[in-house]
Amino acid sequence: MDSLLFEILFCFLFSIGFSVPDINHRTGIYGDSDHCNKTVDIYQAVSSPPVTEANRGKPLHCSYKIRVRPVRDDWVVFVRFTRLRVGQPSNNRSQCIGGYVQIVDGYKDSNYSNRESPGYYCGDIDSPKTFISETPQVKIIFHADSYGPETFLQFDANVEKQGEVHARYGQFPHLYPHRRGAPVPGSYCDRVFHECAPSRCFVQSPGFPGIYPRNLHCRYHVSVRQYLVGLDLTAFDVDGLRCDNLLMCFPRPISKIADDCPFDIVKVYDGATDESPLIVSICGRGRLKSNIIASGPDILVEFITSNAGPLLNTGFHFKADSIIDPETSEPLQLRNNSCFVERYLPENKESTFSHLRSWYPPNTTCAYKFYTTSEDVIRLDFLLFRIERFTLCEESIKLYDASEPNPTKIITKLCDMNKAQAMYESTGPSLYVEFVSTRGSLDGSSISYEFQVKSVGASSLESGHACSRIFDHDGQLTFPLHELNSTSQPVTCNYTLDATSYMHGRINLSLDLPFEKLTRFCLDCKLETIILEITGATLDDTPLCFCHISRKRNVNIVSVASVVVITLRTNPPSSEQKILPMTPSNSKNSNSKDITGNFTFFSDVRCGPEILKLDLQGSITFPSFQENDIPGPVRCIWQVPLLPGKDAGFRLENFLGNNCSFDYLKVNHVLLCPTLAEHSFVVQREDIKSSNVILDLRASEASEINFTLWWTQLRVLPAPSTASDYSLMSLGKECEFLCAASMTCIRKELVCNGIPNCPRSKDTPFRLYAPDEEPSMCLTGRHNLQLHWWVVGFGLAICACILIGVIYSVFKRCQNRRERF
């Protein structure tokens with residue numbers, strides 16, 4: 001009989017077992033009544049009604065009022081949602097399907113409230129979420145189309161004084177009562193910020209730092225007294241989470257593409273209205289790498305959220321500030337998405353200009369056009385030239401010896417790969433300065449510069465700047481020797497051929513030269529009146545020198561560097577030296593001795609990519625393109641990117657070549673010669689700049705070079721004070737695997753992966769050397785792993801069989817008992 005009662009009780013519990021936890025949760029300490037349509041006391045926990053036969057599968061609509069008594073405007077309400085599951089948002093987030101939760105912030109007597117259209121929350125949460133009100137009155141509405149055990153709500157409420165919510169109101173809120181702006185009457189979240197001072201204006205989403213409401217359209221007008229207004233983004237989570245389980249869906253990184261933000265979005269306008277130019281549209285979760293700087297003293301932030309959505313995201317927090325423009329110079333400012341300054345320069349009157357400080361869109365071109373009288377020229381002096389961030393020449397300043405951007409009249413191109421000289425000078429009455437950006441910016445130019453321009457008396461080629469040019473595309477060049485030879489002062493002309501925009505850029509140069517002598521020892525030409533130097537054509541960076549004027553001949557040169565500098569120097573003879581007059585035949589055509597030529601840019605395919613893949617380990621093999629076995633000298637420069645704060649271990653294998661005088665591989669400052677069959681070494685992070693290791697290969701004949709270089713990202717441990725300290729080393733998070741021979745640490749995924757990653761050291765005793773590919777360790781680990789999973793799998797299979805048998809037996813016995821009754 002006891003056995004029969006026990007089985008009946010077990011079957012009853014088994015049949016209702018899945019609803020027992022929910023009933024306990026819903027009835028528990030709350031009781032069976034007063035779960036709907038009530039006023040909630042502070043510090044009271046509230047849950048949705050228990051599921052009964054009366055409400056199961058039927059619509060349920062409950063409201064909960066939370067208020068501060070007596071009503072005080074300097075209090076806010078904290079609503080902490082601990083459990084929530086109701087409905088699901090539609091694909092376009094226009095509505096919630098199956099149920100929703102609404103949060104009404106403020107009642108009829110509130111100065112501002114979202115009661116007219118509070119929007120809808122739906123979905124579920126895996127962890128508690130908090131809503132922090134803007135007013136001291138909050139109403140929670142819970143609705144389910146078909147109520148059941150899988151639909152529930154649970155929350156508790158608390159109140160705090162505004163001054164105690166430091167994340168929202170900041171420190172000393174009583175000193176800055178309008179730090180969050182002045183509310184616009186008749187709106188819930190529109191605010192105006194007037195004359196913002198440093199760290200005194202907080203532009204925040206409603207509810208920050210808690211969950212922001214749905215169905216918002218907020219406008220924040222921010223202004224400063226003078227100069228430019230800037231926004232510093234300190235926290236941002238606008239639709240950055242699409243679900244609450246970080247194991248199932250990761251946060252969405254911040255995006256500046258409007259198409260990536262179909263639901264919730266923040267828009268920033270360069271002006272006081274939404275008709276002003278749009279600076280950026282952003283959503284996601286994270287931080288911007290820069291501030292947002294307008295082109296004037298006004299900026300508008302617009303915040304839009306969908307009508308329905310999950311109870312997940314916490315909004316944004318900007319700090320508004322004024323960006324001061326120094327009065328010593330006139331900045332280049334954006335106007336209608338472009339900027340252009342045209343200025344006449346009176347003689348000897350200096351004008352000072354500076355860089356673009358505000359935002360600008362991609363493919364921006366801003367320019368200065370200077371002109372003076374026809375008898376004068378223009379001199380430009382750089383007072384400041386500083387690189388703020390590297391753009392690989394995607395942002396640059398070009399100087400043209402013309403009144404327009406004529407590629408054949410370019411004087412120089414300045415960027416993070418080509419720094420400025422002190423002074424530049426035109427040959428005529430016009431100078432054109434052009435700032436070009438293909439990437440755009442939110443916080444001004446990547447190049448901070450300040451320069452003076454002034455009109456000076458007409459100069460000749462003796463200035464040394466008038467015949468200098470920079471070319472970054474295919475073209476032609478001419479050195480007018482008949483003009484240079486007529487000057488009485490030394491003249492230096494530089495033609496720079498810049499192929500850095502190409503991958504392993506090279507220059508094919510064809511010149512018609514009136515020189516007889518070619519030498520790599522330029523001292524041999526020191527007594528000549530005209531000398532031509534070409535730098536970038538030899539492996540050792542020494543120039544090729546041409547001198548001794550004679551009949552013309554054609555010279556073809558293929559560079560081994562990405563930049564070739566052609567320098568022409570004139571050394572007028574002294575009074576004691578005899579000047580050779582031009583022959584009569586030459587007088588008929590004074591240009592017959594000029595240097596002319598053409599050049600084309602191309603990529604050296606033998607080198608492959610310049611920037612190698614970022615990984616914990618990697619390798620490079622030369623030659624890597626066997627089908628392009630092009631003979632001749634070769635120079636390749638690669639970048640090995642590393643994680644910040646990491647050291648790098650290198651291992652060289654099978655380096656074949658002629659000798660170390662002409663063929664070598666330089667890794668940072670470590671010189672490797674072909675005589676090394678195998679070599680292992682470590683480059684420490686103190687010797688690594690910008691988290692990159694530079695590989696420099698130079699070879700007199702590319703077809704005779706062969707090597708493989710391996711590298712591993714690791715960490716070098718501090719040297720122990722005594723030999724006994726080696727035994728005290730412990731493995732942990734900072735050192736997942738210890739390479740005892742070199743006292744370095746590598747990641748555990750590099751152990752037993754088939755590639756030796758531990759550096760070798762000849763000075764370390766063999767007993768301390770435990771490489772990461774030691775056969776005894778790797779084979780044992782694999783066998784243990786296979787045995788471990790075999791045992792686990794066999795155990796799970798047995799448990800599954802037993803569980804199925806028990807369930808089947810219980811159901812059979814319960815069925816037999818029911819038939820008897």
Side-chain angles (χ1 to χ4, degrees), residues 39-46 64-82 84 103-107 109-115 118 121 125 127-140 154-184 187-194 196-213 216 218 220 222 231-238 287 301 303 311-321:
T39 298
V40 179
D41 295 330
I42 303 304
Y43 307 113
Q44 178 184 2
V46 178
Y64 309 91
K65 297 180 180 179
I66 308 167
R67 64 179 65 192
V68 179
R69 292 296 187 186
V71 177
R72 296 182 54 181
D73 291 337
D74 60 343
W75 290 75
V76 294
V77 179
F78 284 66
V79 182
R80 181 173 174 268
F81 294 89
T82 54
L84 173 66
I103 303 178
V104 180
D105 189 0
Y107 286 5
D109 55 349
S110 300
N111 293 328
Y112 47 96
S113 171
N114 69 338
R115 65 181 184 275
Y121 295 102
I125 59 174
S127 59
K129 305 295 177 184
T130 301
F131 173 81
I132 306 174
S133 70
E134 298 285 345
T135 72
Q137 300 169 326
V138 174
K139 181 179 180 180
I140 308 296
Q154 180 178 326
F155 68 89
D156 53 63
N158 188 15
V159 295
E160 288 188 21
K161 289 184 178 182
Q162 293 180 356
E164 297 176 357
V165 188
H166 298 304
R168 174 182 292 184
Y169 298 97
Q171 298 291 333
F172 311 110
H174 60 282
L175 299 178
Y176 313 107
H178 302 295
R179 178 177 273 168
R180 301 185 72 231
V184 176
S187 70
Y188 172 59
C189 55
D190 289 1
R191 293 177 179 267
V192 176
F193 300 79
H194 184 59
C196 283
S199 301
R200 295 185 184 178
C201 287
F202 291 171
V203 183
Q204 300 171 338
S205 55
F208 185 85
I211 304 299
Y212 57 75
L216 291 176
C218 307
Y220 308 85
V222 185
L231 298 177
D232 179 14
L233 181 59
T234 60
F236 195 82
D237 182 9
V238 174
R287 292 286 303 273
V301 178
F303 182 37
L311 188 78
L312 293 175
N313 302 281
T314 56
F316 60 86
H317 174 74
F318 289 99
K319 289 183 180 180
D321 201 352

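- Here the side chains of I140 and F81 are in contact, with some heavy-atom distance below 4.5 Å.
- Summarising the geometry of C189 relative to L216, their closest heavy-atom pair is SG-CD2, 4.3 Å, with the distance given to 0.1 Å.
- Within 6.0 Å of NZ on K129 lie more than 12 heavy atoms contributed by other residues, nucleotides or ligands.
- Cation-pi check for R179 over F172 is not met; the charged atom does not lie both under 6.0 angstrom from the ring centroid and within 45 degrees of its normal.
- The closest side-chain heavy-atom distance from I66 to V79 is below 4.5 Å.
- Taking the side chain as every heavy atom from C-beta outward, T135 and V77 never approach each other to under 4.5 Å.
- At least one side-chain heavy atom of R191 sits less than 4.5 Å from a side-chain heavy atom of Y112.
- With 3.5 Å as the limit, one finds no donor-acceptor pair spanning the side chains of R168 and Q204.
- When all heavy atoms are compared, the tightest approach of E134 to D105 is N-OD2, 2.7 Å.
- Residues D156 and R80 are paired through a salt bridge, judged by an N-O separation under 4.0 Å between the basic side chain and the carboxylate.
- Residues V159 and P136 form no side-chain contact, since every pair of their non-hydrogen atoms from C-beta on lies 4.5 Å or further apart.
- To the nearest 0.5 Å, atoms OG1 (T234) and NE2 (H317) are separated by 3.5 Å.
- Of all heavy-atom pairs spanning P118 and R115, the tightest one is CD-O, 3.8 Å.
- Note that CG of L311 is 6.0 Å distant from CD1 of I125, once rounded to the nearest 0.5 Å.
- For Q171 against Y176, the heavy-atom pair with the smallest separation is O-CD1, 4.4 Å.
- For the pair F131 and P213, the minimum side-chain heavy-atom distance is below 4.5 Å.
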**Message:** ring-ring contact (aromatic ring centres under 6.0 Å, His included) for Y64 and F155? Distances and angles first, verdict last.
**Reply:** CA-CA 10 Å; Y64 309 91; F155 68 89; 5.6 Å; yes
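- T39 OG1 to Q44 CD: the interatomic distance, rounded to the nearest 0.5 Å, is 10.0 Å.
- In this structure, the ring of F303 has its center less than 6.0 angstrom from the ring center of F316.
- Note: W75 CH2 to E164 CD = 7.0 Å, rounded to the nearest 0.5 Å.
- Across every non-hydrogen atom of G315 and F208, the tightest pair is C-CD1, 4.5 Å.
- Here the closest non-hydrogen pair linking L233 and F318 is CD1-CE2, 3.6 Å.
- In this structure, N313 and I211 have side chains that are not in contact, with every pair of non-hydrogen atoms separated by 4.5 Å or more.
- How far NZ of K161 is from CG of D74: 6.5 Å, rounded to the nearest 0.5 Å.
- Here the CZ-OG distance, from F236 to S205, works out to 9.0 Å after rounding to the nearest 0.5 Å.
- Proximity of I132 to P209: side-chain heavy atoms (C-beta onward) are separated by under 4.5 Å at one or more points.
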